[in-house]
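Sequential numbering from 1 along the given sequence is applied to the chain's residues.
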Amino acid sequence: MTRTYVTDEDLPAPLLWTGGALLVVVVGVLFWAVWKSQFAAPPGYLFDTPTEAVEAGYCLAVAQDYLPAGAPVGSLQDEAAQFWIGRLRKLDVDRMGGAIAAGRAKLGADLRASRGRERAWFDYALDRCTRRAMNYGARFGSLED
């Protein structure tokens, strides 16, 4: 019995180029799909909040309460507060005040659980909320300087 081997010379060049191009396109589409899905479906809401609206209320409370005297205009806290208010409006929540109150209540519970480390919790929460806002598409001018 004789064996036949297929070599590169036996395959036509257009077939090799078409197969290679198709492979590049498939890998590109898979890369794009994986990259896009990490933003499309968050694994959960921040700080175990039950809904997107309560998450927005929580982060709004963090941005508003981060500085005791209030956030200066143009600061990260001011920009974050504006973003989270806008996010609540886009979510079209029936009771925007209810989502904010639920977020504030959750923040209060987390601050009580921090046992005297409120400042550290605020730093941590502001960082997480800022990163989440950027995942949602926010751009903060105060971070670009």
(request) Taking all non-hydrogen atoms of both residues into account, name the closest pair between Tyr45 and Glu52 and its distance. (result) CE2-CG, 3.2 Å
(message) Nearest 0.5 angstrom please: Thr130 OG1 to Asn135 CG, how far?
(response) 11.5 Å
(request) Could you verify whether a donor N or O on one side chain and an acceptor N or O on the other, from Arg87 and Gln82, lie under 3.5 Å apart? (result) no
(request) Mind running side-chain contact (heavy atoms from CB on, under 4.5 Å) on Arg128 and Phe47 for me, showing each step along the way? (result) CA-CA 9 Å; Arg128 297 270 318 267; Phe47 309 109; 3.9 Å; yes
(request) Determine the sole option in Leu46, Asp123, Leu107, Asp110 for which the side chain to side chain contact (heavy atoms under 4.5 Å, CB included) test with Val62 is passed. (result) Leu107
(request) Applying salt bridge (Lys or Arg N to Asp or Glu O under 4.0 Å), name anything that partners Asp48, two or more places apart in sequence or on another chain. (result) none
(request) Indicate yes or no: at least one non-hydrogen side-chain atom of Thr51 is less than 4.5 angstrom from one of Val54. (result) yes
(request) Can you see which heavy atom on Phe140 is nearest to which on Leu76, and at what distance? (result) CG-CD1, 3.9 Å
(request) Identify the two heavy atoms, one from Gln77 and one from Leu126, that lie closest to each other, and give their separation to 0.1 Å. (result) NE2-CD2, 3.6 Å
(request) Measure the shortest side-chain to side-chain distance between Arg104 and Leu60 over non-hydrogen atoms and say whether it is less than 4.5 angstrom. (result) no
(request) Would you mind listing every side-chain hydrogen bond (donor to acceptor under 3.5 Å, both in side chains) that reaches into residues 13-25, with sequence neighbours excluded? (result) none
(request) Indicate yes or no: at least one non-hydrogen side-chain atom of Tyr66 is less than 4.5 angstrom from one of Arg119. (result) yes
(message) Check the orientation of Trp84 and Tyr136. Use parallel for under 30°, tilted for 30 to 60°, and perpendicular for over 60°.
(response) perpendicular
(request) Before accepting this row, confirm whether a basic side-chain N of the pair Glu79/Arg139 lies closer than 4.0 Å to the acidic partner's carboxylate O. (result) no
(message) Under the disulfide (SG to SG under 2.5 Å) definition, can you give me all pairs with a residue in residues 47-77, not counting sequence neighbours?
(response) Cys59-Cys129
(message) On the six-membered ring of Phe122, is Arg117 placed so that its NZ or CZ lies under 6.0 angstrom from the centre and within 45° of the ring axis?
(response) no
(message) Restricting to non-hydrogen atoms, name the atom on Ser142 and the atom on Gly74 that form the minimum distance, rounded to 0.1 Å.
(response) CB-O, 3.7 Å
(message) Tell me whether Ile100 shares a hydrophobic cluster with Tyr58, the cluster being built from Ile, Leu, Val, Met, Phe, Trp, Tyr side chains joined at under 4.5 Å.
(response) yes
